[in-house]
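What follows is a set of notes on a single structure, which appears directly below.
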There are 4 protein chains.
Amino acid sequence: MRQLLDAGVEVFAAKGYFAARVDDIVKLAKTSHGTFYLYFSNKEDLFRALAAEVSDEMQTLAESLGPLVPGPAGQESLHEWISRFADLYDRFGPVIRAWTEAEIGSHEFGRLGNDVMVRFTRVLTIRIEQAAPPDLDPTIAALALVAMFERLNYYALAGQVRARRDEIVDTLALVTQRAVFGAGGAADAPRSLR
Amino acid sequence: MRQLLDAGVEVFAAKGYFAARVDDIVKLAKTSHGTFYLYFSNKEDLFRALAAEVSDEMQTLAESLGPLVPGPAGQESLHEWISRFADLYDRFGPVIRAWTEAEIGSHEFGRLGNDVMVRFTRVLTIRIEQAAPPDLDPTIAALALVAMFERLNYYALAGQVRARRDEIVDTLALVTQRAVFGAGGAADAPRSLR
Amino acid sequence: MRQLLDAGVEVFAAKGYFAARVDDIVKLAKTSHGTFYLYFSNKEDLFRALAAEVSDEMQTLAESLGPLVPGPAGQESLHEWISRFADLYDRFGPVIRAWTEAEIGSHEFGRLGNDVMVRFTRVLTIRIEQAAPPDLDPTIAALALVAMFERLNYYALAGQVRARRDEIVDTLALVTQRAVFGAGGAADAPRSLR
Amino acid sequence: MRQLLDAGVEVFAAKGYFAARVDDIVKLAKTSHGTFYLYFSNKEDLFRALAAEVSDEMQTLAESLGPLVPGPAGQESLHEWISRFADLYDRFGPVIRAWTEAEIGSHEFGRLGNDVMVRFTRVLTIRIEQAAPPDLDPTIAALALVAMFERLNYYALAGQVRARRDEIVDTLALVTQRAVFGAGGAADAPRSLR
DNA sequence: TATGAATGAGATTTCATTCAT
DNA sequence: AATGAATGAAATCTCATTCAT
């Protein structure tokens, strides 16, 4: 069963949700069709199990976001959090990708994907409200930033970004910090010492 | 043929690339399977035609981005440009969504999708370089911001965002302006001069 | 489509409902699986179509039963009607057999089969009531006689009866006539002339 | 093993021979697939064992049919015998039903089912010959009456007959008596002497 | 040009049966 | 004796594509 889940991750990663064949999965897991249907009632069922695993890890990560604070300390902790987001995306990105795909036309998956995103957004919204940046709607800004995190990591995973991993995390942390605190709160704060 | 293309947009929007059936498209277009294959050699071919249309419009939009300038004037023109991006997404978002889906496991589509994104990123990269913000890698920042534009509009289109359209555009413009110029260059800067 | 229905009759006859394979039917009809599913959504659907045809013919036959009258004339017309019942059974017996089989565990078919039987029983009940035989419950007697008609023809079709067709019809008519009118009304009435 | 046989009766009753799954049987018997194949070599084998049990009881019942005699006494003993037939059908009807189904396309079962019916028919044939009714072919009449017994009980078991059990037995006995002896020999004859 | 019935390759799914424990 | 996870052959069903009209 673990083998089937693992094979699922790999096949969904390579072919996407729809193009993935049950046959591909069982071949990779070195089992039979019969065994597949012993544990899962169909492809969607296996995917749901995978998605639930991811969803759990995502929830944990979302809740670990601490308060946003200006200056280098805040930048540092934000950097650390985004870095963990990127780690998770590395591991489960293929599933998340397939998820996005499966969402279309499936309310079931739409809700699941939505839940995860909403969780991230909710936490970030609270942190933005606490930081009380001028002129920034906390909810929409949180959505925009979560969208940015997710999509840039997606691009990176898909090999469409020619950049080192830490450069990507740096940039995401910097844009976020600046969006919330303006230049004064971001890493370039030292400039104010000039 | 126009009817087939239009039906294609609708069906791909509703079901995604893989789940869309030729039968759905011809039924919606009120023609026959025979006619479909008269104009397109297969499902992929119709999709490519659709994608090319979108790509053209996207290219035109990308190139219309003017220099990034600090202060209210820059904010204003950025707002206007992002607004047009959102308009385009409203019209072609479904195709772009399906596109992303078809990309997985298809180098053909991967290249197409990549091209469009690269075009946007290239123009924005140049504009960021010209604005020369400290500590911001122009290429990665451009990618991050394009990712944010794309994904937030995607969420909005999918009905996952409870916000007015102009609020979304406002937020995207503000985050972008601040990312490039810091708080001093954003729209709220003038307020400090009051 | 006609070919599929005809092939269906033959395959259901040979193998019964459950053992019949869609593959058997399409091979016999010299078409493809695709064609089968173009006209019918599954095996049950084709069977339903067949059953509806039979049901219609049965209804017509049921309603053609005239009043039961004692003596040779009544015996004659009853004989004629049972003979037509046997003809119908010859033609559609295989479907009726499969029907009986499909009934088990399927309310759908149960109802259909029941309908046909009920129709026969209703008509015969009315005729028995009109003949007003002493001590015979018209409804139950009608059911018993219909059961006998059906089952004996079934046995005959299954090759379990070594008897000429007219001998079978004779016996059924005689038993029916006697059940309703006693010996006095049946074909042996002439005995009373002795 | 007894549990498997009992579970078999229930499952075959509910689903019929073909639709019954070994899994249904072992689940109901609260054992495992392994155990099933320890006692029976396959589904057919279990069914054959069940059928043999039924066949034995049927044989015993068939042989207990005494001579057919006219008048109330004959009517009485016939009534009693048919009543025992109905009892047996109550207990084993489901198996007999499944049997009939399995017969189609299976010579093995065909022979078994045929044997049971033939036994009944043979005994009844002898009794009819002894009663020597005019104009009635003993063999065919016996078949017709056995068909009636079987099928009406089947209908009753399937819940398609709205009648008390003794009304059904009454009617079957009456029709049989009249078929053999005419009205003069049936139970209502004595009434005319009053 | 336009049609749509027909196709069949390939996918999904079921379930009787086996076998290592 | 008993188990039940694993199997795979055989069934069902789908849908992109063709082709005679």
Side-chain angles (χ1 to χ4, degrees), chain A residues 1-4 11 15 18-27 29-46, chain B residues 1 3-4 8 11 15 17-27 29-47, chain C residues 1-4 11 15 18-27 29-46, chain D residues 1 3-4 8 11 15 17-27 29-47:
Chain A
M1 187 172 162
R2 190 66 249 168
Q3 317 159 63
L4 283 167
V11 173
K15 302 199 159 192
F18 288 106
R21 301 291 156 224
V22 170
D23 193 61
D24 301 328
I25 296 172
V26 301
K27 272 202 180 110
K30 291 187 205 298
T31 45
S32 63
H33 280 228
T35 300
F36 182 95
Y37 286 95
L38 183 62
Y39 292 105
F40 305 100
S41 54
N42 48 42
K43 183 172 71 166
E44 188 178 319
D45 192 34
L46 175 127
Chain B
M1 186 175 159
Q3 316 158 67
L4 282 167
V11 173
K15 301 199 162 193
Y17 180 73
F18 289 106
R21 294 184 294 115
V22 171
D23 193 61
D24 300 328
I25 296 172
V26 300
K27 274 206 176 103
K30 292 185 204 297
T31 47
S32 64
H33 281 231
T35 302
F36 182 95
Y37 287 92
L38 201 59
Y39 292 106
F40 304 99
S41 56
N42 48 42
K43 185 168 78 164
E44 191 177 317
D45 191 35
L46 171 108
F47 189 70
Chain C
M1 186 173 163
R2 190 65 250 166
Q3 316 160 64
L4 282 167
V11 173
K15 302 200 160 193
F18 288 107
R21 301 291 157 223
V22 171
D23 193 62
D24 301 328
I25 297 172
V26 300
K27 272 198 180 114
K30 291 186 207 292
T31 45
S32 63
H33 280 228
T35 301
F36 182 95
Y37 287 95
L38 183 63
Y39 292 106
F40 306 99
S41 54
N42 46 42
K43 184 171 73 166
E44 187 178 321
D45 192 34
L46 175 126
Chain D
M1 188 176 157
Q3 316 159 65
L4 282 167
V11 173
K15 302 198 161 193
Y17 180 72
F18 289 106
R21 294 184 295 114
V22 171
D23 193 60
D24 299 329
I25 297 171
V26 300
K27 274 206 176 103
K30 292 187 205 296
T31 47
S32 64
H33 281 232
T35 301
F36 182 97
Y37 286 94
L38 199 61
Y39 291 106
F40 304 100
S41 56
N42 48 42
K43 184 167 79 162
E44 191 178 316
D45 191 34
L46 173 109
F47 189 70

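We name chains A, B, ... by the order of the sequence lines, and we start the count at 1 in each one.
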Take the protein atom NZ of Lys27(C) and the nucleotide atom P of dG8(E), then report the distance between them rounded to whole Å. 13 Å
Heavy atoms only, 4.0 Å cut-off, all strands: where does Ala19(D) land among base, sugar-phosphate and nothing? nothing
So, for Val26(B) and Ser32(B), which heavy atoms are closest and what is the spacing to 0.1 Å? CG1-O, 3.6 Å
Rounding to an integer number of Å, can you tell me how far Phe40(A) CZ sits from dT12(E) C1'? 16 Å
For Asn42(C), check side-chain contact (heavy atoms from CB on, under 4.5 Å) against everything at least two apart and list the hits. Glu44(C), Asp45(C)
Whole angstrom is fine here: how far is it from CZ in Phe18(C) over to P in dT12(F)? 13 Å
If I take atom NZ in residue Lys15(D) and atom C1' in nucleotide dC15(E), what distance separates them, rounded to the nearest angstrom? 11 Å
Would you say Tyr39(D) places a side-chain N or O within less than 4.0 Å of OP1 or OP2 belonging to dA2(F)? yes
For the side chain of Leu38(D), counting heavy atoms from C-beta on, which of dA2(F), dA5(F), dA2(E) is nearest? dA2(F)
Restricting to side chain to side chain donor-acceptor pair (under 3.5 Å), what partner residues turn up for Thr31(A), sequence neighbours left out? none
Axial cation check for Phe36(D) ring with Lys43(D), 6.0 Å and 45° limits: no
Protein N or O to nucleotides 17-21 of chain F N or O, pairs below 3.5 Å:
| residue | atom | partner | partner atom | Å |
| --- | --- | --- | --- | --- |
| dT17(F) | OP2 | Tyr37(B) | OH | 3.0 |
| dT17(F) | O4 | His33(B) | ND1 | 2.9 |

With sequence neighbours left out, what residues match Asp24(B) under salt bridge (charged side-chain N to carboxylate O under 4.0 Å, His left out)? Lys15(B), Arg21(B)
Note: Ile25(C) and Leu4(C) closest approach over all heavy atoms is CG2-O, 3.8 Å
DNA chain E base-pair string [pairs: Watson-Crick or G-U under 3.5 Å; |: paired with another strand]: .||||||||||||||||||||
Atom pair distance, as rounded to whole Å: CE in Met1(C) and P in dA6(E): 11 Å
Identify, with sequence neighbours excluded, every residue that meets salt bridge (charged side-chain N to carboxylate O under 4.0 Å, His left out) alongside Asp23(C). Lys27(C)
More 5' along DNA chain F: Lys30(D) or Arg21(C), using each one's nearest nucleotide? Lys30(D)
To the nearest Å, give me how far apart CG (Leu4(D)) and C1' (dA1(F)) are. 13 Å
State whether Thr35(D) places a side-chain N or O below 4.0 Å from either non-bridging phosphate oxygen (OP1 or OP2) of dT3(F). yes
When the nearest nucleotide of DNA chain F is assigned to Thr31(A) and to Ala20(B) on a heavy-atom basis, which residue is associated with the more 5' position? Thr31(A)
So do the side chains of Val22(C) and Phe40(C) get within less than 4.5 Å of each other, counting heavy atoms only? no
